[in-house]
Enquirer: 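Sharing a structure here in structure tokens format.
All figures in this text were calculated on a predicted structure; none of them were measured in a lab. One-based numbering along the sequence shown. Scope of the values below: all heavy atoms of this structure, side chains included, with no hydrogens, waters or symmetry mates.
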Amino acid sequence: MEREQYLAVIKPRMPEKRYIHTVGVMETAINLAHKYGEDVKKAETAAILHDIAKYADIEWMENIVRDEKLDERLIGWGSELLHGPVGAYIAQSEFGITDEELLNAIRFHTTGRANMSCLEKIIFVADMIEPNRRFDGVDRLRKKAQKNLDKAMSACVRHTLAFLIDTKQPIYPLSIECYNDMMNREDSEG
């Protein structure tokens, strides 16, 4: 499928505000893919599909987790975490996408994980810094993304964890593993 076809498919599945966000993520991901030598078409597709399950029924998503033998730890976490892995499932089952790196970029765009690929980092970062995002520190994250993808990824993960801690929310284990991985990489780089 081409960009316009994917956009036409996702638009009725989300509110207008989320669609605008998705277009912003797509544009940001394309920019970052060009900048960091990543496959632009993969970045574009992953960005368009990253929130395809965001507004799906939670019970249905939990059934997908069980039926497809996805990470059982996802049960009970709600749409915020379920929509990534279920979005990857939809990309594969509905659109026939088999590229594992592209699917992982969708799957881990909210939690992160250890040993993320360049494409996974691009989608994670693009989701946080797209032009419609408005939160304290977003401009700093945007500047980092234009200089160094790994440092931007690390800053985005730290920002997310600080938010979760400040608002007294639980942190999904993969996000902690992502943080630890990013810190270990920074330590080894000196």
Side-chain angles (χ1 to χ4, degrees), residues 1-34 40-62 64-65 74 76-91 93-95 97 102-112 119-146 152-153 155-172 175:
M1 285 177 86
E2 293 301 314
R3 176 192 300 189
E4 296 310 316
Q5 294 170 298
Y6 279 123
L7 289 171
V9 168
I10 65 151
K11 190 168 187 175
R13 297 185 191 205
M14 57 186 63
E16 182 68 14
K17 186 176 180 183
R18 182 58 51 168
Y19 179 77
I20 291 166
H21 159 76
T22 298
V23 171
V25 174
M26 177 193 74
E27 291 166 351
T28 304
I30 289 168
N31 172 283
L32 293 174
H34 280 297
V40 173
K41 189 73 178 158
K42 278 190 197 183
E44 176 186 277
T45 303
I48 292 170
L49 296 178
H50 84 283
D51 276 350
I52 194 164
K54 180 91 172 175
Y55 298 94
D57 178 74
I58 290 175
E59 188 176 327
W60 177 79
M61 288 195 283
E62 288 183 344
I64 296 296
V65 169
L74 289 162
W77 282 83
S79 176
E80 278 306 311
L81 294 190
L82 285 168
H83 81 273
V86 174
Y89 164 79
I90 291 170
S93 63
E94 195 173 319
F95 302 108
I97 294 171
L102 193 157
L103 294 171
N104 281 339
I106 298 169
R107 186 175 288 124
F108 299 112
H109 82 271
T110 57
T111 61
L119 179 62
E120 290 173 68
K121 292 173 189 173
I122 285 171
I123 300 305
F124 188 100
V125 170
D127 188 29
M128 278 199 78
I129 68 165
E130 61 92 5
N132 302 291
R133 292 285 197 196
R134 302 277 181 263
F135 58 84
D136 284 343
V138 71
D139 289 332
R140 183 179 55 83
L141 296 175
R142 288 180 181 131
K143 285 177 186 153
K144 280 189 186 286
Q146 291 305 314
M153 178 69 199
C156 286
V157 170
R158 288 193 317 274
H159 179 89
T160 299
L161 294 182
F163 171 80
L164 292 172
I165 290 166
D166 287 347
T167 56
K168 297 182 179 172
Q169 294 183 58
I171 299 172
Y172 192 69
S175 298

Enquirer: For the residue pair Glu62 and Ile58, establish whether any side-chain heavy-atom pair is separated by less than 4.5 Å.
Expert: yes

Enquirer: Is any side-chain heavy atom of Phe135 closer than 4.5 Å to one of His159?
Expert: yes

Enquirer: Measure across Gly24 and Pro131 and return the closest heavy-atom pair with its distance rounded to 0.1 Å.
Expert: O-CD, 3.8 Å

Enquirer: Let me confirm one number: the CD1-NZ distance from Ile122 to Lys42, rounded to the nearest 0.5 Å.
Expert: 11.0 Å

Enquirer: Verify the neighbour count for atom CD of Gln169: are there more than 12 heavy atoms of other residues, nucleotides or ligands below 6.0 Å?
Expert: yes

Enquirer: With a 4.5 Å heavy-atom cut-off, do Glu120 and His109 have their side chains touching?
Expert: no

Enquirer: With rounding to the nearest 0.5 angstrom, report the CG to CZ distance, Leu102 to Arg107.
Expert: 10.0 Å

Enquirer: Is His21 close to Met14 at the side-chain level, that is, under 4.5 Å between some pair of heavy atoms?
Expert: no

Enquirer: Once you round to the nearest 0.5 Å, how far does CZ of Arg18 lie from CD1 of Ile10?
Expert: 10.5 Å

Enquirer: May I ask you to check whether over 12 heavy atoms, not counting those of Lys143, lie within 6.0 Å of atom NZ?
Expert: no

Enquirer: What pair of heavy atoms forms the shortest contact from Ala105 to Leu119, and how long is it?
Expert: CB-CG, 4.0 Å

Enquirer: Which distance, rounded to the nearest 0.5 Å, do you find between the OH of Tyr89 and the CD1 of Ile106?
Expert: 14.0 Å

Enquirer: Side chains of Arg133 and Thr28, heavy atoms from C-beta outward: is any pair under 4.5 Å?
Expert: no

Enquirer: Report yes if some heavy atom in the side chain of Leu7 is under 4.5 Å from a heavy atom in the side chain of Tyr19; otherwise report no.
Expert: yes

Enquirer: Looking only at heavy atoms, what is the nearest atom pair of Pro170 and Leu164, with distance?
Expert: O-CD1, 4.2 Å

Enquirer: Is there side-chain contact between Leu74 and Pro85, with heavy atoms separated by less than 4.5 Å?
Expert: yes

Enquirer: For the residue pair Glu130 and Arg142, what are the closest heavy atoms and their distance?
Expert: O-NH2, 2.9 Å

Enquirer: Just wondering, more than 12 heavy atoms not from Asp57 lying within 6.0 Å of its CG?
Expert: yes

Enquirer: So, taking the atom named CD1 in Ile90 and the one named CD1 in Ile64, what distance separates them when rounded to the nearest 0.5 Å?
Expert: 7.5 Å

Enquirer: Looking at Leu49, Thr45, Ile123, Ile48, which one forms a side-chain contact (heavy atoms from CB on, under 4.5 Å) with Met26?
Expert: Ile48

Enquirer: Considering non-hydrogen atoms only, spot the tightest contact between Ile171 and Trp77 and give its length.
Expert: C-CH2, 3.6 Å

Enquirer: List in chain and number order the residues that pass ring pair (Phe, Tyr, Trp, His ring centres under 6.0 Å) with Tyr55, two or more places apart in sequence or in another chain; answer none if no residue qualifies.
Expert: none

Enquirer: Can you name the nearest heavy-atom pair linking Cys156 to Met128, along with the distance?
Expert: CB-SD, 3.3 Å

Enquirer: Is any side-chain heavy atom of Met1 less than 4.5 Å from a side-chain heavy atom of Val9?
Expert: yes

Enquirer: Please check if the side chain of Ser175 supplies one atom and the backbone of Thr111 the other of a donor-acceptor pair under 3.5 Å.
Expert: yes

Enquirer: Salt bridge check: are Asp51 and Arg13 linked by an N-O gap of less than 4.0 Å?
Expert: no

Enquirer: Rounded to the nearest 0.5 Å, what separates atom OH in Tyr172 from atom CG in Leu161?
Expert: 14.5 Å

